[in-house]
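Encoded as structure tokens, the structure appears first; notes follow it.
Indexing begins at 1, ligand by ligand and atom by atom, following the structure's order.
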Amino acid sequence: MSAHVAVSMIDRKSVAVDEERAWQQIVGRDAGAEFFYGVTTTGVFCRPGCGSKRPLREHVRFFASAEAAKAAGFHACKRCRPTTARVRPLEKVRAYLEAHADRPVRLAELGRVAGLSRFTVQRMFKQAMGVSPLQYQRALRAGGLRNALKQGASVTNAIYAAGYGSASRAHEGAALGMTPARFAAGGRGERIGYAAERTPFGWMVVGATARGLCWLALAATKDEAEASVRGEFPAAELRRDAALKKWVEAAVRAVTEASATRGALSLELPLDLRGTAFQLRVWQALRAIPRGETRSYSEMAREMGMPRSTRAVARACATNRVAVVVPCHRVVGAGGALTGYRWGVERKRALLAAEGSF
Ligand SMILES: [Zn+2]
């Protein structure tokens with residue numbers, strides 16, 4: 001992984017990019033390289049992995065950050081979108097495998113997804129996960145992995161539980177920072193507090209673990225709102241917690257106040273989101289849609305670098321447990337039409353109207 005050695009040598013604050021090595025990474029379209037390059041003839045800057053026409057060496061300038069490239073007067077390339085948050089190739093590959101668990105995915109296809117050779121994909125995946133992409137897929141399809149994940153095992157442990165991978169890799173899962181991928185069946189072993197309150201959008205109920213918000217639903221009545229918590233987490237230890245009403249109020253402000261920013265919101269409302277790597281990526285992308293804007297499912301898939309995964313993105317949006325704060329209501333049909341909403345299309349219309357985008 002010599003490319004990654006080069007990456008770690010780039011100090012983000014300095015402009016000391018090793019230019020000769022960087023040029024070789026541009027020539028090789030190395031998606032793992034973490035610098036940027038501007039092309040003086042077009043005024044555009046790219047990531048080294050960009051698929052656009054290779055510039056002449058003498059027209060290239062190197063930058064350690066997108067900010068530095070912009071400050072030098074370059075515009076972000078529309079093809080490689082160098083200013084959008086970068087998803088590490090390993091995460092891309094895992095998310096892609098999970099999104100396409102219903103069919104075999106070849107290494108060459110994964111290579112295209114990650115922008116790496118299929119050999120690099122194989123080696124990188126095995127090194128990080130302890131299993132090859134093929135074994136990971138088999139585990140996903142066999143259902144064993146899915147079941148283990150449902151029971152709250154970490155992804156890595158789930159792979160072992162499903163009979164794949166070697167125990168010597170056990171410690172590396174922790175290094176990847178994976179949390180239990182899903183709530184154990186019905187929230188068993190979890191203590192969840194909840195509070196319901198009337199809002200302009202109907203009754204809103206929040207549920208929270210010690211880590212943060214794990215449920216936010218809208219309903220017509222208080223009973224219906226509270227029942228939704230029991231319905232989602234039937235095996236959890238549930239108790240009313242009036243202190244959580246301030247979270248309902250914060251969630252309402254996220255919709256009704258123009259000044260509500262994502263940064264302020266995440267301070268006020270810690271989240272305990274659990275799902276597959278793919279679901280978490282989609283929910284993260286939802287949180288990046290600013291108040292007052294909407295996206296279509298295909299736009300989201302494109303922004304996530306998976307233009308052919310529109311349906312998988314839509315499915316992940318539909319499984320969102322934290323309405324409003326993870327704003328799945330900001331996703332609309334390709335023509336701007338309101339599409340389905342887990343908590344009712346009328347409520348989606350009201351939320352978007354309050355945000356000034358309907
Ligand atoms: Zn580009």
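The residues E355 and R291 are annotated as not salt-bridged, no charged nitrogen and carboxylate oxygen being separated by less than 4.0 angstrom. Classification of R240 and E226 as a salt-bridged pair holds, one side-chain N sitting under 4.0 Å from a carboxylate O.
Applying the salt bridge (charged side-chain N to carboxylate O under 4.0 Å, His left out) test to every pair with at least one member in residues 50-73, sequence neighbours left out, gives these pairs: E19-R57.
Between Y96 and H100, the ring planes are tilted. Angles from 30° to 60° get that label.
Protein N/O/S atoms found under 2.8 Å from the Zn ion (ligand 1): C46 SG, C50 SG, C77 SG, C80 SG.
In this structure, the salt bridge (charged side-chain N to carboxylate O under 4.0 Å, His left out) partners of E293, at least two apart in sequence or on a different chain, are R295. With sequence neighbours left out, E224 forms a salt bridge (charged side-chain N to carboxylate O under 4.0 Å, His left out) with no residue at all.
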